[in-house]
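Okay, structure first, notes after.
Numbered from 1 within each chain, the chains take letters A, B, ... in sequence-line order. Keep in mind it's a predicted model, so treat the numbers as computed, not measured.
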Amino acid sequence: MKRVLVKKAPQYIGERVRLCGWASKIRDHGSLIFVDLRDWSGKLQVVIDSSNVKNIAKIGLEYVLEIEGVVKKRDGALVNKNVDLGDIEVAVESVTVLNESKTPPFPLDGEGDDIDENVRLRYRYIDIRRKRVRDLIARRHDLMMATRQWFSDNEFTEVQTPILTVSSPEGARDYLIPSRIYPGKFYALPQAPQQYKQLLMVGGVDRYFQIAPCFRDEDPRADRHSGDFYQVDVECSFLTQDEFFDTVEPYFGYVTEKVAGKKLKFKKFLRIPYSEVIDKYGTDKPDLRYDMTLVDITTECKESGVNIFKEVGAVKGILVDRKFSKNEIESLTKEMKLEGAKGMLWFIIEDGKLGGSMAKLFDEKIQKSILKNFEKAGYDVHDGQYIFAFGDEYTRACKLTGILRSKMGDLLNLKDPNVLAFAWIIDFPMFEWDEKRNKWDFGHNPFSMPKGGLDALMNESPDKIFAQQYDVACNGYELASGSVRNYHPKSFIEAFKICGYTEKETREKFGHMISAFEYGAPPHGGFAIGFDRFMMILFDEKNIKEVYAFPKSNAQELMTGAPREVSKEDLDILHIELKKEKKK
RNA sequence: GGAGUGGUAGCUCAAUUUGGUUAGAGCAUCUCACUGUCACUGAGAAGGUUGCGGGUUCGAGCCCCGUCCAUUCCGCCA
């Protein structure tokens, strides 16, 4: 008899079927046993009636079962409206235990959030049976399919680039792979296919994409997987920055609706310059699902004559439409001090004036001016609201207020999980002054074309030069990052010169890039989308590990135990001798 | 590398103002009963080196010091 998935059982009402899966719940009534049989497609109750089934073997939790029986509609009170397939069941005729199972180390019926993550990961093969994990694996497949479909439909060609490649001098720490054939030499795993995709452009591949594995030996974050992760890597020739935006923007809406069934806040992405996004949101990856923009009250604070504001570069505040107790304000202040704030200025609006501990130090005219600033920024100002503000060096004041803005977004439930708010962040500074090393450094991406090209590099002061570089910000995350590339040998070398590299040094590091550019490189640019991060946003997961089938915990894979020691014989083949480390 | 938080039964947690007798509970497990449950129910049982090491004390899960591990953040992430 052909095996059917439980999801398909409704098509076989009145017929005999064979179902295979795991016993996810057992309700034993002695001579009548109910088993919720789970397979990849879902769960279905099967009923083992001892008067119909002979030789019932012991059935334990997570035992692997093969059952044959008749699919039946349930009547009246027997219907369970709370579960999928609760209106049918299978009257079992025979049941075979294909395999037994030890008692699982944790329950599989919840979301798993309350279980120690490391226990889940050590037994990931069991955890995958959890509905949430199964669903994410299936949705990840959907996102991959939809991504390939969209890019393919839009004339992009997927090209696979090498995994064993060379160490790149800039950027993250590399994973190195020793060469057996060439003693003392090492491959590196790619941090991104950046250089290869640019060389593909030189090779005439007009539009490239790849769902590419990337490897970086850096410490993890909640939205940054340690070790390996995936990018949708994209590059196009002969497009300006704006043309590139118009070309790829529809992809995001397509998969957001098709794969997650969610909505876009902006049909056309906002385009916000870096300086503006810092000023208004205090971060270069703002959550634009809600407004609550930062308001400048520097002048007012300075005019108040309060000592602590005399030396600050800026005071930035937000207005929050909610009541706060003294305790809440105190604990918020504590939290913000942990983020590096010196303190938190707060006011309550009462009778059109400001109240709060410091309010008496601000005279009426200044208070009015502060409220006016908030009104001008688009706030609907009224009594009972609170203002929170931070004074510090300008960027720092913005960033601190931005952190509070994000906390308030959570507190006031302003982050609608069914909406995605995309924006291009543009006009990043090309260079940043490195205080420690007392020299200019690349602000972000050394391969970006500066606005104004070679001319700007030769004649402008480095701090005045903007890069043709952009991010996609979405719901508080940096979802993608890219640039129009610096494809002229001369301007490429000149950009590195500003950061203190001689032409000789630059040619040593990027010889293959520069010589490729000397053979007719087309103008090109692109970006890379954080595939796993996109999964997080689409399915409202707070930790990136959830969206991998086999995630790493702090660069360790807890099931297999990778990374592990290897035998001396293996090391000998690779011409490697280990240094003796003191610790561990 | 730095800071915050945490580590008690297989899992999730508790352990009382300031340290006090045998470290408790729910779920899971095991045994028995049960023909309509779907968080089945009822009766019973088993389950612990309180991360590890040291110290203070008559007495430590609790206080102190060290250490390990995890996690979040900073650094880092072209």
>> For the residue pair Asn554(A) / Ser226(A), report whether a side-chain donor-acceptor contact shorter than 3.5 Å exists.
In response: no

> Taking the nucleotide of RNA chain B with the closest heavy atom to each, which residue, Gly60(A) or Ser31(A), is nearer the 5' end?
Replying inline: Gly60(A)

>> Rounded to whole Å, please give me the gap between NZ in Lys81(A) and P in U37(B).
In response: 15 Å

>> Testing the 3.5 Å rule here: is there a donor-acceptor pair between the side chains of Thr560(A) and Glu557(A)?
In response: yes

> C76(B) P sits how many Å from Glu432(A) CD, rounded?
Replying inline: 11 Å

> How would you label the contact of Asn445(A) with the nucleic acid (heavy atoms, under 4.0 Å): base, sugar-phosphate, or nothing?
Replying inline: sugar-phosphate

> Asp441(A) CG to C76(B) C1': how many Å, rounded?
Replying inline: 13 Å

>> When you compare the side chains of Gln191(A) and Asp174(A), does any donor N or O come within less than 3.5 Å of an acceptor on the partner?
In response: yes

> Can a salt bridge be assigned to the pair Asp109(A) and Lys25(A) using a cut-off of 4.0 Å between side-chain N and carboxylate O?
Replying inline: yes

> Roughly how many Å is it from CD in Glu62(A) to P in C11(B), rounded to a whole number?
Replying inline: 17 Å

>> Can you tell me whether the side chain of Ser553(A) and the base of U71(B) have a donor-acceptor pair closer than 3.5 Å?
In response: no

> Does the pair Asp287(A)/Lys285(A) count as a salt bridge with the N-to-O cut at 4.0 Å?
Replying inline: no

Using atom types as modelled, flag every donor-acceptor pair under 3.5 Å from a side chain in residues 522-533 of chain A to any protein atom, sequence neighbours excluded.
residue, atom, partner, partner atom, Å
His524(A), ND1, Pro522(A), O, 2.7
His524(A), NE2, Gln198(A), NE2, 3.0
Asp532(A), OD1, Arg140(A), NH1, 3.0
Asp532(A), OD1, Arg140(A), NH2, 2.7
Asp532(A), OD1, Tyr548(A), OH, 3.4
Asp532(A), OD2, Tyr230(A), N, 2.9
Asp532(A), OD2, Tyr548(A), OH, 2.7
Arg533(A), NE, Asp223(A), O, 3.0
Arg533(A), NH1, Glu478(A), O, 2.7
Arg533(A), NH2, Asp223(A), O, 3.0

> Taking CD from Gln191(A) and P from C76(B), how many angstroms apart are they, rounded to a whole number?
Replying inline: 15 Å

>> Pair Ser448(A), Asn486(A) - check side chain to side chain donor-acceptor pair (under 3.5 Å), show working.
In response: CA-CA 5 Å; Ser448(A) 306; Asn486(A) 189 341; over 6 Å; no

> Under 3.5 Å, is there a donor-acceptor pair between the Tyr208(A) and Asp233(A) side chains?
Replying inline: yes

>> Is a donor from one side chain sitting under 3.5 angstrom from an acceptor on the other, for Gln210(A) and Thr161(A)?
In response: yes

What's touching nucleotides 72-75 of chain B from the protein side, N or O pairs under 3.5 Å?
residue, atom, partner, partner atom, Å
U72(B), OP1, Asn543(A), ND2, 2.6
C73(B), OP2, Ala222(A), N, 3.0
C74(B), OP2, Arg221(A), NE, 2.9
G75(B), N7, Arg221(A), NH2, 2.6
G75(B), O6, Arg221(A), NH1, 3.1
G75(B), O6, Arg221(A), NH2, 3.1
G75(B), N1, Asp219(A), OD2, 2.8

> Are Asp410(A) and Lys407(A) close enough for a salt bridge, meaning some N to O gap below 4.0 Å?
Replying inline: no

> Which one, A70(B), U29(B), U12(B), comes nearest to the side chain of Ile115(A)?
Replying inline: U12(B)

> Relative to each other, are the rings of Phe428(A) and Tyr274(A) parallel, tilted or perpendicular (30° and 60° limits)?
Replying inline: tilted

> Could you state the CZ-C1' distance from Phe215(A) to C77(B), rounded to the nearest angstrom?
Replying inline: 16 Å

>> Applying a 4.0 Å non-hydrogen cut-off, can you work out what Glu89(A) is touching in the nucleic acid: base, sugar-phosphate, or nothing?
In response: base

> Using a 3.5 Å cut-off on both pairing distances, which stems of three or more Watson-Crick or G-U pairs include RNA chain B?
Replying inline: B:1-7 with B:68-74, B:10-13 with B:24-27, B:29-33 with B:41-45, B:51-55 with B:63-67

> Quick one: do Asp127(A) and Arg120(A) make a salt bridge, cutoff under 4.0 Å?
Replying inline: yes

> When you measure from every atom of RNA chain B, which of residues 478-495 of chain A have a heavy atom less than 4.0 Å away?
Replying inline: none

>> Return the CZ to CE distance between Arg485(A) and Met201(A), rounded to the nearest 0.5 Å.
In response: 9.5 Å

> Within the pair Lys58(A) and C30(B), is there a side-chain N or O less than 4.0 Å away from OP1 or OP2?
Replying inline: yes

> To the nearest 0.5 Å, how far apart are CG in Asp284(A) and NZ in Lys399(A)?
Replying inline: 7.0 Å

>> Below the 4.0 Å mark, does A70(B) have OP1 or OP2 next to a side-chain nitrogen or oxygen of Gln556(A)?
In response: yes

> On RNA chain B, nearest-nucleotide positions of Leu32(A) versus Gln231(A): which is more 5'?
Replying inline: Leu32(A)

>> Would you say Lys415(A) and Ser406(A) are linked by a side-chain donor-acceptor pair, where the criterion is simply a distance under 3.5 Å?
In response: yes

> Within this structure, what is the CG-to-P distance between Asn118(A) and C68(B), rounded to whole angstrom?
Replying inline: 18 Å

>> Is Thr103(A) close enough to A28(B) that one of its side-chain N or O atoms is under 4.0 Å from OP1 or OP2 there?
In response: no

> In B/S/- notation, 5' to 3', how is nucleotides 38-49 of chain B contacted by protein heavy atoms closer than 4.0 Å?
Replying inline: B-B---------

Could you go through nucleotides 2-10 of chain B and list every protein N or O atom that sits under 3.5 Å from one of its N or O atoms, giving the distance for each pair?
residue, atom, partner, partner atom, Å
G10(B), O2', Pro105(A), O, 2.7

> Atom CG of Asp114(A) and atom P of G26(B): how far apart are they, to the nearest Å?
Replying inline: 18 Å

